[in-house]
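Bear in mind that the values here come from a model prediction, so they are computed numbers and not experimental data. Below, chain A is the first sequence line, B the second, and so on; all start at residue 1.
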Amino acid sequence: MEDRYDFRAVEAKWQGRWEASGLYSRGHDPSRPKFYCLEMFPYPSGNLHMGHVRNYSIGDVVARFYTMNGYNVLHPMGWDAFGLPAENAAIQRGVHPADWTYANIATMRSQLKGLGMSYDWGREFATCDPEYYRWTQWLFLLLYRRGLAYRKKAPVNWCPSCTTVLANEQVIDGACWRCKSQVEKRDLEQWFFRITAYADRLLRDLELLGGWPEKVRVMQQNWIGRSEGVEITFPVEARREGITVFTTRADTVFGVTALVLAPEHPLVEELIAGRGDELAVQVRAFARRLADLGERERTEMEKEGVPTGAYAVNPLSGERVPIWVANYVLMEYGTGAVMVVPAHDQRDLEFARKYGLPVKVVVRPADASLPEGPAGDGLQEAFEDDGVLVNSGPYSGLSSAAAREQIARDVTARGIGRKAVNYRLRDWLISRQRYWGAPIPVVYCDACGIVPVPEERLPVLLPRQVDFTPTGGSPLARNEDFVRTDCPSCGRPARRETDTMDTFMCSSWYYFRFASPRCETAPFDRDEVAYWLPVDQYIGGVEHAVLHLLYSRFFTKVLYDAGLVPFVEPFTNLLTQGMVTLGGAAMSKSRGNIVSPDDIVRRYGADTARLFILFAAPPEKDLEWSDQGVEGCHRFLQRVWRLVTGIVRDFAAPVGGWGGAAGDGTAGTALRRALHRTIKKVGDDIRERFNFNTAISAVMELVNEAYRYRESVPRQEQDGALLRELAEKLTLLLAPFAPHLAEELWEMLGHRESVHLQAWPAYDPAALVAERITIVLQVDGKVRGRLEVEADAPRERLEEAALAHERVRAFTRGREIAQVVVVPGRLVNVVTR
RNA sequence: GCCGGAGUGGCGGAAUCGGCAUUCGCGACCGACUCAAAAUCGGUUGGGCGCAAGCCCGUGUGGGUUCGAGUCCCACCUCCGGCACCA
């Protein structure tokens, strides 16, 4: 057994052969069902990290497993290649972003090949290829035509360090998702996608995504943030126009003791227009001060407000209420104005207490434990639950729910309000003031205004010669050759849009492109997309739950509406894998806790790296790296190698089939049962639960059993046919996890065709059946003995045998037997009184 | 605050339908082989008591249901993740 598995030679040998034979390229095959297995494509940052290895190892097992199970599997790989790091490298090191990016792609491609991933490399592309971004621009135009792309001036998130604006989804806790700098608010004219027009469908269709983790669906649900309520217009004294508020608690409308406007609300300026009094001066100063604050500072400050001196009238109660301006009202949500109900909203209560506004209780719990009406002065905490209305005119006595309905009807009938739905989701800001992205295909003409670039003139090429120095403006604006163009509409001189698109736009449709990556007449061939999509299994990190995954769903619905794709959801099943950690923290350069995949592959081989990463934890959990764990997996593969090569050596030419018979009680029968049990378990674990860790441990057990057999049964009595069967099926079971080792063993076993084209082994149900089994004997729920019986022994026989058992009798002696619970095949529990 | 997930040996984790808690792997200890080491192989390894047979305890805490609970129910604690002046 001195023979050692030379993983370096074997892995290089098969990677070369696979590539030369095109083993993993795929096309249509009407004879087999299709399966699209996709892993989130990487940003080519330079080198693969362990998170990539985990992501792609999981995907590779799934792809290989479904291939062996008879599916025509699409398993492509490409590059999410536009983005800031390339440009930063250019600024810091003087390398052109394109050169930097394509060099990184070359490195990472060879790393992926070194891991033995089964990609159809013929479908590879990078989103920065003009042949790709041409269609990204085409899709922009599609959205523009459909009224879903628009330009507006708005307060937007600005990252001072990246010198560009960001989408809402890219601001995490008030900071830039990429560089963690505090984000500022700036008023800029920018391009948006009207994703809010799809808010309701994006929410509703989450129900179609039974194959997604609950967690991700909930995150999207929270992000979209639908809330139902009513808008009610309060007339303003001495003005024609009123103030419209949005509320989900119309039942508390008789408890309103003020209205509050967001500082940016257009009416604020009007209410104090031409006034020089002290209040007006205060309001102006307040609004200006808040405008200068970042979102973070603003959300963290205490509630603050100033009265405008103006009054409105509650259209339901007829009461006069003061109009205030306050920092806690958001202009971007609802109508930018809210009614203040201190008794029933904690924020309003804090505000009212600070400024001495009245507190008026109008909803009481069913047990009437709150004081009524204006006597709510002692209220410590707002009563925010539903209850029964009091002090509410004609609505008194109604339940909150009934009152909401009635009030909605009444305000609608009187023309002073309506039911309304609001979403937390905001439109997607896609302009970026950076170079390394797809140019927005739009031209500005003095005569014609905004003119989209005609499809036949796409792509709008990103020029190579550009000054990348960050100034806060778009680098493209400094390239006059790029900027100057003719108006596609009137032909007169015009200027190009100089912003580029958010890279999330590129990644929102790449999975369509893989179906027909060289299509030159459209973003994708519709027949190919109809054949391959939707993606059957998508695998990636949970960090994209409300970024990429939301945008992609939006894009798919737009394409569906345009009649270009026949489905409304792009990803049928989603698996979100956990992080790879070291010392309990995510691996990162700044923390200095990186383990390099290259080093691991060099020392132990790709198969070991893949096996460890799949074995150490279930895929959705975080995985703590362990060098010793890696060695354990390496030892296991060496053990497999010695087992199979030993069998091949000892039983080069087996005669006949398996010599035993089920139920003959021999070591051979037991081993064969173990083999078939393992085949069943590994298949179930992969297919039903993605429990690669338990699948692998089952294979380890099988190998242990095989060794025990080989060592305990004399060589001449060993069943050669059984051992050959075991060696072959073991090799097939390992093929998705350790593709190189399996391929080499398969060849040694005498096969000419790749192990990766073989059918997944079927288990023999007859082999699983044991003649005799061990059942547990309990007395009062405690295990007191074991009993070996025929597998099909009936209840009465089990009960009888249990009661006759020496140890059971010892524990029941002198006690009355109250009950005997018999679970055939498992246990007998004797219950005493 | 709201929503989601998780708490099991020294460690990663297993127990898939309410039925032997801790498969498998790592680590540790003992042993075989060896001049020695590496590699490999075998054994032991939740805690306590006991010479032993064996007994008792044990899955975050406290209750409950059940012949039987890591698993189901109630209350709570801790940790992780998401959202958060969203009216």
Side-chain angles (χ1 to χ4, degrees), chain A residues 1-2 4 172-173 213-223 225-227 229 245-249 252 260 298-303 326-330 332-341 344-348 350-351 384 422-426 542-543 545-546 578-579 611-612 615-618 620-633 635-636 638-639 642 681 684-685 688-689 691 693-704 707 711 774-786 807 818-823 825-832:
Chain A
M1 294 285 181
E2 62 295 324
R4 279 187 67 77
I172 315 282
D173 286 338
E214 164 87 6
K215 176 191 168 96
V216 176
R217 290 201 311 249
V218 167
M219 281 168 74
Q220 291 212 356
Q221 200 175 309
N222 290 343
W223 189 258
R226 180 189 156 98
S227 69
V245 300
F246 171 75
T247 179
T248 54
R249 291 299 304 276
T252 65
V260 187
R298 194 162 148 176
T299 54
E300 281 176 356
M301 66 193 286
E302 211 188 309
K303 284 171 193 35
N327 60 348
Y328 71 98
V329 178
L330 307 172
E332 306 91 71
Y333 185 77
T335 61
V338 301
M339 55 187 216
V340 178
V341 188
H344 304 294
D345 183 291
Q346 190 59 33
R347 293 159 305 178
D348 292 348
E350 284 168 35
F351 190 73
E384 297 188 329
N422 268 298
Y423 296 93
R424 217 190 63 99
L425 183 71
R426 306 289 152 78
V542 74
E543 66 274 13
V546 286
M579 282 185 307
L611 193 74
F612 167 72
F615 175 65
E620 67 281 1
K621 287 188 71 170
D622 286 353
L623 181 158
E624 173 71 11
W625 187 264
S626 154
D627 284 338
Q628 286 156 337
V630 175
E631 292 194 31
C633 286
R635 274 200 288 273
F636 168 69
Q638 292 287 357
R639 234 165 112 72
R642 286 195 311 272
K681 178 164 172 60
D684 290 350
D685 278 353
E688 288 162 32
R689 289 175 287 276
N691 281 359
N693 53 332
T694 53
I696 292 166
S697 79
V699 176
M700 287 173 169
E701 283 179 73
L702 176 64
V703 169
N704 291 344
Y707 267 95
E711 276 149 25
T774 302
I775 65 162
V776 168
L777 303 181
Q778 297 182 334
V779 176
D780 292 327
K782 289 189 172 147
V783 179
R784 297 301 184 187
R786 276 156 229 283
R807 286 193 34 85
Q819 189 189 352
V820 180
V821 179
V822 181
V823 184
R826 285 199 189 273
L827 58 72
V828 178
N829 186 12
V830 179
V831 185
T832 67

Quantified in whole Å, what is the [atom1] atom distance between nucleotide [N] and nucleotide [M]?
| N | M | atom1 | answer |
| --- | --- | --- | --- |
| rC72(B) | rU59(B) | C1' | 16 Å |
| rA38(B) | rU34(B) | P | 15 Å |
| rU8(B) | rA14(B) | P | 12 Å |
| rG18(B) | rC3(B) | C1' | 29 Å |
| rG4(B) | rG25(B) | C1' | 30 Å |
| rC33(B) | rC24(B) | C1' | 27 Å |
| rG10(B) | rG60(B) | P | 13 Å |
| rU61(B) | rC55(B) | P | 25 Å |

- Are any of Y707(A)'s side-chain N or O atoms less than 4.0 Å away from OP1 or OP2 of rC41(B)? no
- Query: Distance check: side-chain N/O of S626(A) vs OP1/OP2 of rC11(B), anything under 4.0 Å?
  - Reply: no
- Task: Mind telling me if rC30(B) is syn or anti? Syn here is a glycosidic angle within 90° of 0.
- Result: anti
- Query: Can rG43(B) be described as syn, meaning its chi torsion is within 90° of 0, or is it anti?
  - Reply: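 Judged by the O4'-C1' to base torsion, rG43(B) sits in anti, the angle falling more than 90° away from 0.
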Taking the side chain of [X] as heavy atoms from C-beta outward, which of [options] is closest to it?
| X | options | answer |
| --- | --- | --- |
| R642(A) | rC41(B), rC20(B), rG25(B) | rC41(B) |
| V218(A) | rU23(B), rG4(B), rC67(B) | rG4(B) |
| V776(A) | rC20(B), rG13(B), rC41(B) | rC20(B) |
| V831(A) | rC67(B), rC3(B), rC20(B) | rC67(B) |

Heavy atoms only, 4.0 Å cut-off, all strands: where does [X] land among base, sugar-phosphate and nothing?
| X | value |
| --- | --- |
| N693(A) | sugar-phosphate |
| K303(A) | base |
| D684(A) | nothing |
| R689(A) | base |
| E711(A) | sugar-phosphate |
| R226(A) | nothing |
| E624(A) | nothing |
| V329(A) | base |
| V338(A) | base |
| G225(A) | nothing |
| R217(A) | nothing |
| P618(A) | sugar-phosphate |
| N704(A) | sugar-phosphate |
| R635(A) | sugar-phosphate |

Would you give the length of the straight line joining atom [atom1] of [X] to atom [atom2] of [Y], rounded to the nearest 0.5 angstrom?
| X | Y | atom1 | atom2 | result |
| --- | --- | --- | --- | --- |
| R826(A) | I775(A) | CZ | CD1 | 12.0 Å |
| R424(A) | Y333(A) | CZ | OH | 9.5 Å |
| E631(A) | F612(A) | CD | CZ | 11.0 Å |

- Query: Do R639(A) and Y707(A) meet the cation-pi criteria used here (NZ or CZ under 6.0 Å from the six-membered ring centre, within 45° of the axis)?
  - Reply: yes
- Message: Is the terminal nitrogen or CZ of K303(A) (NZ for Lys, CZ for Arg) located under 6.0 angstrom from the six-membered ring centre of F351(A) and within 45° of that ring's axis?
- Response: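 Pair K303(A)/F351(A) does not count as cation-pi.
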- Query: Of G781(A) and R784(A), whose closest RNA chain B nucleotide lies nearer the 5' terminus?
  - Reply: R784(A)
- Side chain of N829(A), backbone of L777(A): donor and acceptor closer than 3.5 Å? no
- Would you kindly give the CZ-to-C1' distance between R807(A) and rG54(B), to the nearest whole Å? 8 Å
- Message: In whole Å, I'd like the distance from the CD atom of E214(A) to the P atom of rA6(B).
- Response: 11 Å
- Message: If you go through the side-chain atoms of R826(A), does one of them form a donor-acceptor pair with the base of rC20(B) closer than 3.5 Å?
- Response: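 No, the side chain and the base share no sub-3.5 Å donor-acceptor pair.
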- Query: Is any side-chain N or O of N829(A) under 3.5 Å from a base N or O of rC67(B), one able to act as donor and the other as acceptor?
  - Reply: yes
- Flag for N422(A)-S227(A): side-chain donor and acceptor within less than 3.5 Å: no
